[in-house]
Amino acid sequence: MKQYKIVTLDTADFDRANTLNVDEYVWGGEYRPKTSAKMLFTADGTLWLKMTCEEKNPKAVHLAFDEEVWLDSCMECFFGFVRGGKYINCEMNSLGVSKIGVGEGRDGRTSIHLITDIPKIKAEKTEGEWSVFAVFTPKILKDVFGGDYKTDKGTVLFGNLFKVGEETHTPHYGMWNPIVWDVPDFHRPECFGEFIID
């Protein structure tokens with residue numbers, strides 16, 4: 001199981017955050033675009049995420065919140081505060097369009113807008129690279145996770161990060177922490193790694 005340390009800073013300075021690589025391709029495939037992520041907390045308890053992929057012309061046809069963005073070129077972050085408990089899946093394409101749900105597994109997930117505010121998502125794109133940013137405020141995290149939401153040093157979150165494109169020119173399934181499963185399925189919380197607040 002991989003571990004990643006989430007730094008806590010006064011401001012959201014991604015240059016000071018640790019980097020993790022989304023470079024495990026347990027289901028094969030030769031198309032493996034270089035993908036990385038950074039996470040940090042700010043002192044007010046906000047969780048910030050930045051994911052970056054070296055990819056030209058990422059497919060992006062879904063234009064509205066809660067559409068099937070994983071069929072586009074997509075980067076994703078899943079995380080929760082209790083192993084085996086509820087987790088957020090935040091899936092984003094290169095237009096900053098997202099699908100964000102809450103639940104304990106693949107089935108029975110609830111769209112986050114039915115629980116709390118939709119996190120702010122932003123995308124940036126250059127000729128050979130694209131990035132997405134997501135902001136999870138304390139209100140969002142408290143509304144979703146209740147008393148399990150904590151930002152004390154040493155607190156462990158559980159999750160995984162992904163690069164996917166199910167209906168792109170070359171379907172691909174990359175991840176940070178390896179998933180032991182025969183077919184592509186990111187909703188395997190038993191295979192989540194650890195995000196440790198530092």
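In this text, all values refer to a predicted model and were calculated from it rather than measured experimentally. Values below: every heavy atom of this structure, side chains too, minus hydrogens, waters and symmetry copies.
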Taking [X] for the side chain and [Y] for the main chain, is one N or O donor matched with an acceptor at less than 3.5 Å?
X    : Y    : value
H62  : A60  : no
N89  : E76  : no
S98  : I100 : no
Y4   : N18  : yes
T155 : K153 : no
N160 : N177 : yes
D13  : D15  : yes
K38  : M51  : no
E67  : L63  : yes

If you group Ile, Leu, Val, Met, Phe, Trp and Tyr by side-chain heavy-atom gaps below 4.5 Å, do [X] and [Y] land in one group?
X    : Y    : result
M175 : L20  : no
F65  : I121 : yes
I88  : I197 : yes

Less than 3.5 Å apart, any donor N or O on the side chain of [X] or [Y] sitting next to an acceptor on the other?
X    : Y    : answer
K163 : H172 : yes
S111 : H113 : yes
K34  : T52  : no
E55  : Y31  : yes
T42  : D44  : yes

Does NZ or CZ of K122 come closer than 6.0 Å to the centre of the six-membered ring of F133, within 45° of the ring's axis? yes
If you compare all heavy atoms of [X] against all heavy atoms of [Y], which two are closest, and at what distance to 0.1 Å?
X    : Y    : result
V180 : C191 : N-SG, 3.6 Å
V82  : F158 : C-CD1, 3.7 Å
R16  : V7   : O-CG2, 3.9 Å
L49  : C77  : CD2-CB, 3.5 Å
R106 : D185 : NH2-OD1, 2.7 Å
R188 : I179 : CG-CG2, 3.6 Å

Can you say whether the rings of W27 and Y173 are parallel (under 30°), tilted (30 to 60°) or perpendicular (over 60°)? perpendicular
Using the six-membered ring wherever Trp is involved, compare the ring planes of Y87 and F192 and label them parallel, tilted or perpendicular (cut-offs 30° and 60°). perpendicular
Starting from the C-alpha separation in whole Å, work towards a yes-or-no answer on side-chain contact (heavy atoms from CB on, under 4.5 Å) for L141 and L47. CA-CA 9 Å; L141 296 173; L47 177 61; 4.1 Å; yes
For the ring pair F79 and F136, is the centre-to-centre distance below 6.0 Å? yes
Apply side-chain contact (heavy atoms from CB on, under 4.5 Å) to the pair D72 and V61, showing each step before the final yes or no. CA-CA 7 Å; D72 291 341; V61 299; 3.2 Å; yes
Over 12 foreign heavy atoms within 6.0 Å of NZ, K139: yes
T116 and its side chain to side chain contact (heavy atoms under 4.5 Å, CB included) partner, picked from V102, T137, V144: V144
For E24 and W176: C-alpha separation, side-chain torsions, deciding distance, then whether side-chain contact (heavy atoms from CB on, under 4.5 Å) applies. CA-CA 6 Å; E24 301 278 353; W176 167 60; over 6 Å; no
Chi angles and distances behind the salt bridge (Lys or Arg N to Asp or Glu O under 4.0 Å) call for K99, D66: CA-CA 4 Å; K99 181 177 182 67; D66 219 22; 3.3 Å; yes
